[in-house]
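A short worksheet on the structure shown next.
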Amino acid sequence: MTSAPAAAVFDPALPWRRARSVALRPEPFGALVYHFGNRKLSFLKSKTLVTVVETLADHPSADATLVACGVPEAQRPAYLRALADLARSNMIEPRESL
Amino acid sequence: MTAVVPQRPTGGRLVDQFEYGLDAPICLTWELTYACNLACVHCLSSSGRRDPRELSTAEAEGVIDELQRMQVFYVNVGGGEPTVRPDFWHLLDYAIGHDVGVKFSTNGVKLDRARARQLAATDYVDVQISLDGATAEVNDRVRGTGSFATATQALENLAEAGMKDFKVSVVVTRENVSQLDEFRALTDRYGAQLRITRLRPSGRGADVWDQLHPTQAQQRELYAWLLANGDRVLTGDSFFHLSAYGEALPGLNLCGAGRVVCLIDPVGDVYACPFAIHEQFLAGNVRGEGGFQRVWQQSDLFQELRSPQTGGACTKCAHFDACRGGCMAAKFFTGLPLDGPDPECVQGYGESALAARDLDLVTPRSHLDHSHTGPVRGQPTLLGMPSIPAKTCDESPLAGLRLG
């Protein structure tokens with residue numbers, strides 16, 4: 001079995017990406033998230049959150065991704081909490097460079 | 001029948017979203033064969049003899065290809081005894097090679113030391129060994145003479161091969177519910193994990209359900225045990241009817257039939273759930289045009305199942321949000337209405353509903369029965385023995401204690 005790497009501490013000012021061993025399956029309410037390494041299953045409960053996770057890799061930081069995806073200011077703390085949860089379960093991972 | 005497709009809400013709890021179904025199952029059960037070396041008295045699929053219409057190797061590979069396209073990331077493989085299919089090990093590798101992880105249930109008959117080493121070296125495969133008693137005496141009464149020895153030999157082989165995270169899978173009955181701690185000790189001994197699930201009156205289980213399903217007092221004992229040990233034991237979320245005692249159990253407290261789970265049987269028929277092998281819950285066949293995907297996404301039956309329950313006696317109950325009316329298959333095969341209480345309703349409504357059944361009522365039977373027709377070596381004797389009367393001293397010391 002592949003041992004899961006230690007989860008990175010989530011810093012929204014840094015560049016992130018959907019983890020390479022993670023697949024997103026579109027669902028009517030959002031997406032099912034599956035990690036092939038640790039076999040964990042999770043759900044993204046909104047389509048905007050799906051777009052955020054899928055486009056993390058295109059932006060210099062998680063913060064910038066939320067702005068680019070048009071997440072309203074008031075909802076950003078909730079999105080950051082969701083991303084922090086995903087980082088904790090290795091569903092998203094830090095990116096080396098821009 | 002044309003189903004009126006109800007409007008899915010936006011946002012809200014996941015469990016509410018799941019009631020409206022998913023584009024593909026979270027996981028599904030796939031029974032590869034009705035053939036089995038055993039003749040367990042409570043077999044949910046009435047297995048024994050192979051069905052000549054069984055999917056061929058090529059057809060089974062086609063199903064796996066489709067599951068990969070639909071992004072079904074793992075399947076629970078069972079039977080019958082799946083490992084008696086000569087192409088079982090090939091299909092296992094084929095699934096894993098196509099991003100479909102496999103968790104398979106076996107009685108251990110084919111898990112010799114070489115197979116155990118092979119499994120230990122394979123990523124993305126989970127094994128669960130079925131055991132319905134922590135002692136040979138209790139186990140063999142329902143699974144047959146020698147089945148405890150076979151299962152524990154397989155466990156020993158897996159442990160010796162260095163297999164990680166394998167499971168011991170137990171159907172909780174009136175006779176083994178008092179052995180939960182013993183089961184835990186047994187699984188710990190092999191470095192395995194304990195998985196316990198609910199006895200359903202499905203298949204041959206219907207014949208022994210009255211005799212084997214846990215009593216009300218035992219259910220409360222089980223609930224207390226799950227609250228205390230739930231984080232270390234797997235349940236397949238199958239005890240959600242117990243949530244009506246008060247505190248919700250971890251996991252999905254919802255009937256997932258046709259919404260997030262389903263069954264593909266050995267001949268490719270797709271049923272709403274593994275415990276519902278009956279024409280009323282048959283949605284289609286993977287051999288049909290459009291394959292499994294079309295059955296899952298478009299069958300009338302599954303469309304109908306994908307709506308919240310709005311009527312019936314249970315919706316008026318204070319505990320409805322906790323148990324959601326319980327298990328559809330358990331109600332169906334005991335002859336209870338699907339929008340009424342579960343036969344094991346912990347508030348006692350199931351018992352009164354069972355008592356109120358028409359005396360002439362013939363409970364529904366599956367159209368399928370692959371049971372062995374002749375004697376089977378080590379055949380369980382449960383049915384031939386006088387039933388043991390329930391005694392007060394067999395009941396839990398927690399009897400009468402109200403939790404939550």
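Scope of the values below: all heavy atoms of this structure, side chains included, with no hydrogens, waters or symmetry mates. So you know, we letter chains A, B, ... as the sequences are listed, proteins then strands, and number each from 1.
Contact of A121(B) with chain A is not made at all, since no heavy-atom distance falls under 4.5 Å. Heavy-atom distances place no part of L44(A) under 4.5 Å from chain B, backbone and side chain included.
Between the CG atom in L22(B) and the CZ atom in F43(A) there is a gap of 6.5 Å [rounded to 0.5 Å]. One finds the CD atom of Q71(B) at 9.5 Å from the CD atom of E27(A) (value rounded to the nearest 0.5 Å).
Residue with the most contacts toward chain A among T10(B), D99(B), T122(B): D99(B) (heavy-atom pairs, distance under 4.5 Å).
Heavy atoms of other residues, nucleotides or ligands lying less than 6.0 angstrom from CZ of R113(B) number 12 at most.
Using a 4.5 Å heavy-atom threshold, the side chains of R39(A) and F73(B) count as separate.
Taking each heavy atom of R25(A) and M70(B) in turn, the nearest pair found is CD-O, 3.4 Å. Considering every non-hydrogen atom in both R13(B) and K45(A), the closest pair reads CA-NZ, 4.5 Å. Across P26(A) and D23(B), no two heavy atoms sit closer than the pair O-OD2, 3.9 Å.
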